[in-house]
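See structure below.
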Amino acid sequence: MKPLSRNAVIGYPAGIITGVTYGLNPLFAMPLIHDGAAIESILFFRYGFAVLLLGIFLMTRRQSFRLSWRQAGVLLTLGLLYTASSTFLFAAYNYVASGLATTLVFLYPVLVAVIMVFLRVVPSWPVWLSIAVTFAGVLIMTWSDGPQPVNPLGVMLALASALVYALFIVIINRSKVIKPIPNTLLTFYALCVGAFIFFIKIVMSGTDVTAGIDGAWSWMNLVGLALLPTIVSTATLAVATRNIGATKASVLGVFEPVTAILVGTLVFGEPLTANIVAGIALAVTAVMFMIASTKR
């Protein structure tokens, strides 16, 4: 068995970190939503704090913020897609369980693979098999023994989040215009777009920006959203897609629903059933098979 390439050694761990940190969204977001905070306010502070922290980091590194007009256009598009994905996902939390919403968003690996086919980049059979098996594992994780009503609007919102997230991944992987841009700077500008959009939405709607955000615990949740599911997740996603490709990076997103389910069990007291254990084992096995079978 040949050793993994340098790209694989960098890309696969980055993809796993992306999945785990993005799966922490419900951990920080659900308490804020339950306290009555508006989605626009949550996402504005999430992106705003992330821009502030990342901007300070870039300045200490003496990173140049200069862009060409073409690069600015692509980054604007990425920012709009990432903002839309967050908006749809957080809106879905109001209509379906957070674990189910996260599971539905995990459809994005299939969407990435389909989009890549249209771009004449056909994944190998191990990748297709991993997509099928990991998604089957996710379905098993959320398999209920009894009937559970599902709001169609929540399902549509989660699927919309998956679609725009898939487009975000493909553009990062395929765009030659932004290839010279460091991952941290790419993340910074994508988040700047999001912060600006939500600021405008708050101003136009007249929303009380701090409604439902009261006390140190609420602000800590907002900082947590800014650090883990935003800065870390977006930066490692860029690293993963550039090193192992968009499709493989998206398959590693299986760690999103796994993390969300574990958070639900350990933090929110949701039961850890045999279906969940079996689904996690199946999904992780499929990912390990993909890593072993498809070296870059």
Side-chain angles (χ1 to χ4, degrees), residues 21-58 65 67 72-95 98 101-102 105 108 153-154 156-169 171-172 184-215 217-235 237-238:
T21 52
Y22 198 81
L24 293 175
N25 263 304
L27 175 65
F28 302 110
M30 292 307 296
L32 293 166
I33 293 174
H34 288 158
D35 288 342
I39 292 175
E40 291 84 358
S41 297
I42 295 173
L43 292 174
F44 167 70
F45 283 115
R46 172 190 183 178
Y47 284 6
F49 287 159
V51 167
L52 177 63
L53 294 172
L54 196 53
I56 293 173
F57 171 76
L58 291 171
F65 291 85
L67 297 172
V74 176
L75 291 178
L76 175 61
T77 301
L78 287 174
L80 292 173
L81 290 173
Y82 194 80
T83 301
S85 180
S86 296
T87 303
F88 290 139
L89 177 60
F90 277 53
Y93 288 160
N94 287 319
Y95 300 98
S98 61
T102 306
V105 172
Y108 75 84
L153 178 57
M156 295 301 296
L157 288 168
L159 293 177
S161 177
L163 176 59
V164 293
Y165 193 54
L167 291 170
F168 178 85
I169 291 173
I171 291 175
I172 288 178
T184 49
L185 187 61
L186 184 152
T187 304
F188 174 79
Y189 279 117
L191 297 177
C192 278
V193 173
F196 178 75
I197 289 174
F198 288 116
F199 175 75
I200 296 300
K201 289 184 69 175
I202 289 171
V203 171
M204 294 183 65
S205 65
T207 302
D208 183 355
V209 69
T210 59
I213 303 174
D214 186 25
W217 187 246
S218 293
W219 292 106
M220 287 177 64
N221 280 325
L222 288 170
V223 173
L225 276 173
L227 283 174
L228 295 175
T230 310
I231 293 177
V232 175
S233 179
T234 310
L237 175 61

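None of these values were measured; they are calculated from a predicted model. Below, each value reflects all heavy atoms present in this structure, side chains not excepted, and no hydrogens, waters or symmetry copies.
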Would you be so kind as to tabulate the donor-acceptor pairs closer than 3.5 Å made by side chains of residues 222-229, with sequence neighbours excluded?
none

Between [atom1] of [X] and [atom2] of [Y], what distance do you get to the nearest 0.5 Å?
{"X": "Ile231", "Y": "Thr184", "atom1": "CD1", "atom2": "OG1", "answer": "10.5 Å"}
{"X": "Leu186", "Y": "Leu237", "atom1": "CG", "atom2": "CG", "answer": "9.5 Å"}
{"X": "Met156", "Y": "Leu163", "atom1": "CE", "atom2": "CG", "answer": "10.0 Å"}
{"X": "Arg46", "Y": "Ile42", "atom1": "CZ", "atom2": "CD1", "answer": "10.0 Å"}
{"X": "Phe49", "Y": "Trp219", "atom1": "CZ", "atom2": "CH2", "answer": "5.0 Å"}
{"X": "Leu75", "Y": "Ile172", "atom1": "CG", "atom2": "CD1", "answer": "9.5 Å"}

So side-chain hydrogen bond (donor to acceptor under 3.5 Å, both in side chains) across residues 191-201, not counting sequence neighbours, yields none
TODO: Write out all pairs satisfying side-chain hydrogen bond (donor to acceptor under 3.5 Å, both in side chains) with one or both partners inside residues 79-90, taking only residues at least two apart or from two chains.
DONE: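 As it turns out, the side-chain hydrogen bond (donor to acceptor under 3.5 Å, both in side chains) pairs with a partner in residues 79-90, which skip direct neighbours, are Tyr47-Ser86, Tyr82-Thr234, Ser85-Ser161.
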Do the side chains of Asp214 and Asp35 get nearer than 4.5 Å, heavy atoms only? no
Is any side-chain heavy atom of Leu32 closer than 4.5 Å to one of Phe28?
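Not in contact.
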By side chain to side chain donor-acceptor pair (under 3.5 Å), Tyr165 pairs with (sequence neighbours left out) none
Residues at least two apart in sequence or cross-chain that pass side chain to side chain donor-acceptor pair (under 3.5 Å) with Tyr22, listed by chain then number, are none
Partners meeting side-chain contact (heavy atoms from CB on, under 4.5 Å) with [X] (sequence neighbours left out):
{"X": "Ser41", "value": "Ala38, Ile202, Thr207, Val209, Ile213"}
{"X": "Ile39", "value": "Leu43, Phe90, Ala91, Asn94"}
{"X": "Leu167", "value": "Leu81, Ile115"}
{"X": "Leu52", "value": "Ile56"}

For Ile171 and Val74, what are the C-alpha separation, side-chain angles and deciding distance, and is it a side-chain contact (heavy atoms from CB on, under 4.5 Å)? CA-CA 8 Å; Ile171 291 175; Val74 176; 4.0 Å; yes
Ring pair (Phe, Tyr, Trp, His ring centres under 6.0 Å) with Trp217: which residues, sequence neighbours excluded?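 Ring pair (Phe, Tyr, Trp, His ring centres under 6.0 Å) check on Trp217 returns nothing, list empty.
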Residues passing the ring pair (Phe, Tyr, Trp, His ring centres under 6.0 Å) test with Phe88, sequence neighbours excluded, are none
Atom pairs and distances, donor-acceptor, side-chain atoms in residues 187-199, under 3.5 Å, two or more places apart:
{"residue": "Thr187", "atom": "OG1", "partner": "Asn183", "partner atom": "O", "Å": "2.9"}
{"residue": "Tyr189", "atom": "OH", "partner": "Phe65", "partner atom": "O", "Å": "2.4"}

Which atom names give the shortest non-hydrogen contact between [X] and [Y], and what distance separates them?
{"X": "Val164", "Y": "Ala84", "value": "CG2-C, 4.1 Å"}
{"X": "Gly154", "Y": "Ala92", "value": "O-CB, 3.7 Å"}
{"X": "Gly212", "Y": "Ser218", "value": "O-OG, 4.2 Å"}

